[in-house]
Protein chains: 2
Amino acid sequence: MSLTIEHAQALSEGLVDIGTAAEASGVSIKMIRHYETLGLLGNVPRTATNYRMYQPQHLHVLRFIARSRKLGFSIEEIRALLGLWQDRQRPSAAVKEIAAAHIHDLQARIAELQGMVDTLSQLTGCCAGDSRPECPILADLAGGADLTGGDPLMTACHT
Amino acid sequence: MSLTIEHAQALSEGLVDIGTAAEASGVSIKMIRHYETLGLLGNVPRTATNYRMYQPQHLHVLRFIARSRKLGFSIEEIRALLGLWQDRQRPSAAVKEIAAAHIHDLQARIAELQGMVDTLSQLTGCCAGDSRPECPILADLAGGADLTGGDPLMTACHT
DNA sequence: ATATTGTCTCCCATCATTGGAAGGTCAAGT
DNA sequence: ACTTGACCTTCCAATGATGGGAGACAATAT
C-alpha cells in the first residue's frame, strides 16, 4: 500500500501525529495507543522513524469510540459497532439490537441503584442525625440478615 | 487471650468454620478471607491446623458487610460504618452523613446512566431496525462523519 | 485405609483507564 | 551544536469487588 514516509511530509499530506490526534479527538495519548493494541484502529501508518501518523479516518474512529464510551458501551460493544459502521451493507437492525440490549443493561443498573436510594432515603429520613447514638441506619445494617418478614424500619419509624 | 484449639473442640464451643460462616452470612468464602485481609473482621481465631473459626460476633459483622454492600456502600464506607457501629457513643449524625453522601453519589450515577438511556432511546426510536443500512445510531456515534458515505439527512428525526 | 470433601495460601483474571518509570530516538527552536 | 519537548517501546502498578484455579494439607465418611 503506502510506504513509510517522513514526518514533515506526512504532516503536509494531512496526517497528524498522536499528540494532535489526542487533542482533536478528545482521547488521551495513552488511550489512543491502548485502543490500537485492542485492534480498534486498524493499521496506523508510521513514519520512517516509527511515529504514528493518523488520517482523518482514524480521527473519526477515535471520536466514534469517545462518543460510544460516553454512552456507556463496553469495548467489545464498540468493536461490534465499529464493524457495523464500516460495513455499508449492515442492516440497521443489527445496530439497533446492540443499542437495545445496552439500554436494557443500563436500565437494570438504574433500577438497582434506585432501589438502594429508596431504601437509604427511608433510613436517613428516620435517622435523627443528631448527637444521640440511636440510629435506624445502623440498626438496619446490623439486622440485615434478619429481614425475612417485614421491614424493621417501618415499625421503628413513624414519620 | 485464647490459645489455638482443635477443630472439633472449637465447633463444640459454638465457633464455626469458614464454610458455615459463608452459608450463615451470605458472604462467599473468598470474600470472607478478603474482608479479613482488609482488616474488617479483626482477629479471627485459628485452630492448631490453621483453620479459621468464627464467633457469632464475626457473623454479625459479615452480615453487616453484606447488607451494606447490597446498599452500594464501598469498602471504605463500610469500614467507617463498622467503626461507628461498634462505638456506642457515636452520634447518629455521623452515620447519617455517610449515608447522605452515598445517596448523593448514587443519584449522580443514576443521572449519568439515565442520560445515556435518554440519548440511546431517542436514537433507537429513530432507527428503523430493518434490513436497510441507514442507521441514525451509527450516524450519531460517528458524529456526522459517515465512512459509508451515507446521506447526513438521515440523521434527522422528528419524533 | 481410602475416598471425598473442606480448607489453606498464593497467583491470576476481570473491566476500562490512568499513571509512572526506564531507556531511547527524533523534531524543532535558539 | 545544543536543548527542549514530543514521541517511541515495554513493563509495572493501581483502581474495586469478585471469582477461578493450582497444589498442599486436614477433616470426615465409608
Side-chain angles (χ1 to χ4, degrees), chain A residues 4-12 15-40 44-54 62 65-79 102 105-106 109 112-113 116, chain B residues 4-12 15-41 44-54 62 65-80 102 105-106 109 112-113 116:
Chain A
T4 58
I5 52 184
E6 296 304 323
H7 191 235
Q9 180 187 354
L11 287 176
S12 68
L15 289 85
V16 296
D17 59 29
I18 198 171
T20 308
E23 209 171 339
S25 65
V27 179
S28 70
I29 291 178
K30 278 276 191 182
M31 293 312 295
I32 290 178
R33 290 195 276 241
H34 182 54
Y35 292 147
E36 183 183 339
T37 68
L38 296 180
L40 297 182
V44 176
R46 302 286 188 117
T47 66
T49 54
N50 211 27
Y51 274 37
R52 292 172 178 85
M53 298 303 294
Y54 297 91
L62 288 173
I65 295 172
R67 173 74 171 148
S68 300
R69 288 293 304 143
K70 280 180 191 163
L71 290 176
F73 286 105
S74 70
I75 294 297
E76 289 313 307
E77 285 170 329
I78 293 171
R79 189 190 305 278
H102 183 48
D105 288 348
L106 290 172
R109 288 158 62 188
E112 191 181 1
L113 295 177
M116 298 177 186
Chain B
T4 59
I5 51 183
E6 296 303 323
H7 190 234
Q9 179 188 354
L11 288 175
S12 68
L15 288 85
V16 296
D17 59 30
I18 199 170
T20 308
E23 208 172 340
S25 65
V27 179
S28 71
I29 292 177
K30 281 281 189 181
M31 291 313 295
I32 291 178
R33 289 196 277 242
H34 183 54
Y35 293 147
E36 182 183 339
T37 68
L38 295 179
L40 297 183
L41 285 175
V44 176
R46 302 285 189 119
T47 67
T49 56
N50 212 28
Y51 275 35
R52 292 171 177 87
M53 298 304 293
Y54 297 91
L62 287 173
I65 295 173
R67 175 69 172 153
S68 300
R69 287 293 306 140
K70 280 180 191 160
L71 291 177
F73 285 105
S74 69
I75 294 298
E76 289 313 307
E77 285 169 329
I78 293 171
R79 189 191 305 276
H102 182 48
D105 288 348
L106 290 172
R109 286 158 63 189
E112 190 180 4
L113 295 177
M116 298 177 186

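Convention: sequence-line order gives letters A, B, ...; per-chain numbering from 1. Because the structure is predicted, anything quoted here is derived from the model rather than measured.
Computed from coordinates, the B:Arg52 CZ to D:dA26 P distance equals 15 Å when rounded to whole Å. To the nearest angstrom, P of D:dA24 lies 16 Å from OH of B:Tyr51. The nearest whole Å value for the distance from the CG atom in B:Leu62 to the C1' atom in D:dA17 is 15 Å. At whole-Å resolution of the value, CD1 in B:Ile18 and C1' in D:dC25 are 16 Å apart. If you take CD1 of B:Ile29 and P of D:dT18, they are 15 Å apart, rounded to a whole angstrom. One atom, CZ of B:Arg46, and another, P of D:dA27, lie 14 Å apart when rounded to the nearest Å. A straight line from CE of B:Met53 to P of C:dG6 spans 15 Å, rounded to a whole angstrom. The CG-P distance, from B:Asp17 to C:dT7, rounds to 4 Å in whole Å.
Phosphate contact (OP1/OP2 of C:dT17, side-chain N/O of A:Ser28, threshold under 4.0 Å): absent. For D:dA26, neither phosphate oxygen OP1 nor OP2 lies less than 4.0 angstrom from any side-chain nitrogen or oxygen of B:Thr47. Applying the 4.0 Å criterion to OP1 and OP2 of D:dA17, one finds that B:Tyr35 has every side-chain N and O outside that range.
Positionally, the nearest nucleotide of DNA chain D for B:Ile75 lies more toward the 5' end than for the other of B:Ile75 and B:Arg33.
For B:His102 (side chain) and B:Gly72 (main-chain N/O), a donor-acceptor pair under 3.5 Å exists by modelled atom type.
Counting any heavy atom pair closer than 4.0 Å across all strands shown, A:Phe73 reaches no nucleic acid atom.
The pair A:Glu76-A:Arg79 counts as a salt bridge, with a side-chain nitrogen and a carboxylate oxygen less than 4.0 angstrom apart. Ion pairing of A:Glu112 with A:Arg109 is absent here, as no side-chain N (NZ or NE/NH1/NH2) approaches a carboxylate O to less than 4.0 Å.
Nearest to the side chain of B:His34, among D:dT18, C:dA27, C:dC8, sits D:dT18. The side chain of A:Ser74 approaches C:dA16 more closely than any other nucleotide in the set D:dC8, C:dA16, D:dT18. Closest to the side chain of A:Asn50, out of D:dC8, C:dC8, D:dA17, is D:dC8. Proximity note for B:Lys30 (side chain, C-beta onward) versus C:dC11, C:dT25, C:dG20: the nearest is C:dC11.
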* Take B:Tyr54 and B:Ile32, measure what side-chain contact (heavy atoms from CB on, under 4.5 Å) needs, and give me the verdict at the end. => CA-CA 11 Å; B:Tyr54 297 91; B:Ile32 291 178; 3.2 Å; yes
* Could you give me the CA-CA distance, side-chain angles and deciding distance for A:Arg46 and A:Arg52, then say whether side-chain contact (heavy atoms from CB on, under 4.5 Å) is met? => CA-CA 5 Å; A:Arg46 302 286 188 117; A:Arg52 292 172 178 85; 3.3 Å; yes
